[in-house]
Amino acid sequence: MPHHALEVVLTRPLTAAELRRAAHAWPLAANHDATRLMGLADAKTQARAAHRLRRRLTAGLPIDVITTYYRDAHGQVLINLAFPPATSSALKRDARRAGRTPERFVREAIRRSLAEHADREADRLDCAVRQLLASTTPAHLLSAVGHALTRPQEGPTP
């Protein structure tokens, strides 16, 4: 049975005791501030692996999202969400009205949101480049971008 690498994003950092209890329930590795965990789960599919991990850990951890760490053959990342009952009911109602399954309804909403974000980011960058070009030449701007990209990063990039 294949193993699937899963990332667990938490709603808050874990205490040392919570992390120890979770590690007893499932072998996990935590990031530096215990807001993300990594684990391996064996299952026939990524969805089953994420479901199994969520079932085992939900009672003891403030889980926000579980995702597959690696993309599948179609370049997709699985996102495993657990909604509160009221949100789940509203989601099912809206999906039914749209003639979709709740999973497809959420998947389409996420894709729309990501596409809108990409469009906004492209517009923001286009505006920034135009402002820079108002005060310099394309050759100088290209040289500055190349120089900036070859320097070591001083911190995390957004």
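Keep in mind that what you see is a predicted model, and the values were worked out from it rather than measured.
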Engineer: Could you list all the salt bridge (Lys or Arg N to Asp or Glu O under 4.0 Å) pairs where at least one residue sits in residues 47-63, not counting sequence neighbours?
Structural biologist: D42-R52
Engineer: Quick one, V65 with N80, criterion side chain to side chain contact (heavy atoms under 4.5 Å, CB included). Give me CA distance, side-chain angles, the key distance, then yes/no.
Structural biologist: CA-CA 6 Å; V65 177; N80 178 285; over 6 Å; no
Engineer: Mind checking whether L78 and M1 sit in one hydrophobic cluster, side chains of I, L, V, M, F, W, Y counted as touching below 4.5 Å?
Structural biologist: no
Engineer: Can you see which heavy atom on A49 is nearest to which on A43, and at what distance?
Structural biologist: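 Taking A49 first and A43 second, the nearest heavy atoms are N-CB, 3.5 Å.
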Engineer: In the hydrophobic clustering (ILVMFWY, side-chain contacts below 4.5 Å, transitive), which residues join M38, or is it alone?
Structural biologist: Y69, Y70
Engineer: Using a side-chain heavy atom cutoff under 4.5 Å and only I, L, V, M, F, W and Y, what cluster partners does L133 have?
Structural biologist: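 ILVMFWY cluster around L133 also holds V129, L132, L141, V145, L149.
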Engineer: Look up atom CD1 in I110 and atom NE2 in H117, then write down how far apart they are to the nearest 0.5 Å.
Structural biologist: 14.0 Å
Engineer: Set out, in order, the CA-CA distance, both residues' side-chain angles and the distance that settles side chain to side chain donor-acceptor pair (under 3.5 Å) for H24 and R20, then state yes or no.
Structural biologist: CA-CA 6 Å; H24 285 296; R20 273 193 309 280; over 6 Å; no
Engineer: Are the side chain of T68 and the backbone N or O of Q46 linked by a donor-acceptor pair below 3.5 Å?
Structural biologist: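 Absent.
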Engineer: Listing request: all salt bridge (Lys or Arg N to Asp or Glu O under 4.0 Å) pairs with a residue in residues 1-16, at least two apart in sequence or in separate chains.
Structural biologist: E7-R36, R12-E18
Engineer: I'd like to know whether R93 forms a side chain to side chain contact (heavy atoms under 4.5 Å, CB included) with S89, so could you lay out the CA-CA distance, the side-chain angles of the two residues, the decisive distance to 0.1 Å, and finally the verdict.
Structural biologist: CA-CA 6 Å; R93 182 192 64 237; S89 296; 6.0 Å; no
Engineer: Of all heavy-atom pairs between D72 and H74, which one has the smallest distance, and what is that distance?
Structural biologist: OD1-N, 2.8 Å
Engineer: Begin with the C-alpha distance, continue with both residues' side-chain angles, and end with the deciding distance and a verdict on side chain to side chain donor-acceptor pair (under 3.5 Å) for H140 and T137.
Structural biologist: CA-CA 5 Å; H140 284 134; T137 66; 3.0 Å; yes
Engineer: If I take atom CG from residue L81 and atom CD from residue E103, how far apart are they, to the nearest 0.5 angstrom?
Structural biologist: 10.5 Å
Engineer: Over all heavy atoms of both residues, which pair between S88 and F83 is shortest? Give the atoms and the distance, please.
Structural biologist: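 Nearest pair, atom of S88 first, then F83: N-CB, 4.0 Å.
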Engineer: How about V9 and T35: do any of their side-chain heavy atoms sit closer than 4.5 Å?
Structural biologist: no
Engineer: Suppose clustering is done on Ile, Leu, Val, Met, Phe, Trp and Tyr with side-chain heavy atoms closer than 4.5 Å. Which residues sit in the same group as L37?
Structural biologist: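 Its cluster mates, by chain and number, are L6, V8, L10, L14, L19, W26, L28, L53, L57, L61, I63, I66.
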Engineer: Show every salt bridge (Lys or Arg N to Asp or Glu O under 4.0 Å) that has at least one partner inside residues 108-123, sequence neighbours left out.
Structural biologist: R100-E108, R104-E108, E121-R124
Engineer: Should L114 and V77 be counted in the same cluster of Ile, Leu, Val, Met, Phe, Trp and Tyr side chains packed under 4.5 Å apart?
Structural biologist: no
